[in-house]
Amino acid sequence: QVQLIESGGGLVQAGESLRLSCTTSGRTLREHAVAWFRRAPGQEREFVSAIGRRTGDTVYADSVKGRFTVSRDNAKNTVYLQMNSLQPEDTAVYSCASKRVIVTMSPSKQAGSYDNWGRGTQVTVSS
């Protein structure tokens with residue numbers, strides 16, 4: 001099993017940016033699709049974005065399209081979520097998840113598709 005570690009969360013004001021990182025402890029993400037999910041207090045977990053093994057193979061939730069960008073740096077064994085124009089409704093715990101996939105498989109939006117999860121990082125956006 002792959003242990004995922006998120007970082008980069010924090011408290012920002014509306015309109016500001018954050019970059020989240022997802023990496024592993026001792027294992028490679030090179031052959032994994034990686035997704036970001038978030039859960040706001042009292043709400044269900046929500047898909048945010050995902051990236052396949054090919055860097056151009058990305059998918060976004062409508063709520064973040066045009067503001068968030070997911071990317072990966074296999075040399076650094078890290079997947080990033082660049083979040084711009086943050087709004088109070090983006091406040092949540094953000095978690096990354098991964099699954100080993102073949103190179104041509106597009107990333108899934110379904111949480112149940114992923115085998116490995118991190119503990120999450122808190123993002124708080126004040127108005």
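Here, residue 1 is the first one in the sequence, and each next residue gets the next number.
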Check your understanding: Is it true that atom CZ of Arg119 has more than 12 heavy atoms of other residues, nucleotides or ligands lying nearer than 6.0 Å?
Key -> no
Review point. Do Leu20 and Met83 come close enough that some side-chain heavy atom pair is under 4.5 Å?
Key: yes
Exercise for review: Using atom types as modelled and distance alone, determine if a side-chain donor or acceptor of Tyr94 lies under 3.5 Å from a backbone N or O of Gly8.
Suggested key: no
Check your understanding: Any side-chain heavy atom of Val101 within less than 4.5 Å of one from Arg53?
Key -> yes
Exercise for review: Working to the nearest 0.5 Å, report the span between CD of Glu46 and CZ of Arg38.
Suggested key: 4.0 Å
Review point. Shared ILVMFWY cluster between Leu18 and Val79, side chains joined below 4.5 angstrom?
Key: yes
Check your understanding: Would you call Gln87 and Ser63 a side-chain contact if the rule is heavy atoms closer than 4.5 Å?
Key -> no
Practice item. Please report the closest heavy-atom contact between Gly9 and Thr121, naming both atoms and the distance. Key: N-OG1, 3.2 Å
Review point. Where do Pro107 and Ala50 come nearest, in terms of heavy atoms and distance?
Key: CB-CB, 3.6 Å
Study note, to complete from the structure: Between Ile5 and Ser25, the two heavy atoms sitting closest are CD1-CB, 4.0 Å
Check your understanding: With hydrophobic residues grouped by side-chain heavy-atom distances under 4.5 Å, do Tyr80 and Val48 end up in a single group?
Key -> no
Point to revise | Geometric class of the Trp117/Phe37 ring pair [parallel <30°, tilted 30-60°, perpendicular >60°] | key: tilted
Point to revise | Minimum-distance pair of heavy atoms, taken over all atoms of Ala97 and Tyr114 | key: CB-CB, 3.6 Å
Point to revise | Minimal non-hydrogen separation, Asn77 against Leu29, with atom names | key: OD1-N, 2.7 Å
Exercise for review: Test Trp36 against every option in Val70, Val64, Ile51 by the side-chain contact (heavy atoms from CB on, under 4.5 Å) rule and name the one that passes.
Suggested key: Val70
Review point. Do we see a donor-acceptor contact under 3.5 Å between the side chains of Asn116 and Ser98?
Key: yes
Practice item. Take Gln3 and Thr24 through the side-chain contact (heavy atoms from CB on, under 4.5 Å) test and state the conclusion after the steps. Key: CA-CA 6 Å; Gln3 181 64 50; Thr24 66; over 6 Å; no
Check your understanding: Going through the distances and angles, do Asp90 and Arg67 end up as a salt bridge (Lys or Arg N to Asp or Glu O under 4.0 Å)?
Key -> CA-CA 11 Å; Asp90 295 316; Arg67 299 188 298 124; 2.8 Å; yes
Check your understanding: Is the backbone N or O of Gly52 less than 3.5 Å from a side-chain atom of Arg72, with the two atoms forming a donor-acceptor pair by type?
Key -> yes
Practice item. Supply the atom-to-atom distance Glu31 CD to Arg100 CZ, rounded to the nearest 0.5 angstrom. Key: 4.5 Å
**Study point:** Ser49 side chain reached by Phe68 side chain, heavy atoms, under 4.5 Å
**Key:** no
Check your understanding: Can you check whether Ser17 reaches Val12 side chain to side chain, under 4.5 Å on heavy atoms?
Key -> no
Review point. Under 3.5 Å, side chain of Glu16 to main-chain N/O of Gln13, donor-acceptor pair present?
Key: yes
Exercise for review: Could you check if a side-chain atom of Thr91 sits within less than 4.5 angstrom of a side-chain atom of Gln122, using non-hydrogen atoms only?
Suggested key: yes
**Study point:** Straight-line distance of Lys76 NZ to Thr23 OG1, nearest 0.5 Å
**Key:** 11.0 Å
Point to revise | Candidate pair Arg19 and Leu81, rule side-chain contact (heavy atoms from CB on, under 4.5 Å), full reasoning | key: CA-CA 6 Å; Arg19 188 177 76 162; Leu81 183 67; over 6 Å; no
Check your understanding: Going by heavy atoms in the side chains, are Val2 and His32 under 4.5 Å from each other?
Key -> yes
Review point. Looking at side-chain heavy atoms only, is the closest gap between Val34 and Cys22 below 4.5 Å?
Key: yes
Check your understanding: How far apart are the closest heavy atoms of Asp57 and Ser106, and which atoms are they?
Key -> OD2-CA, 3.4 Å
Check your understanding: Judged by atom type as modelled, is there a donor-acceptor pair below 3.5 Å linking the side chain of Glu6 to the main-chain atoms of Gly120?
Key -> yes
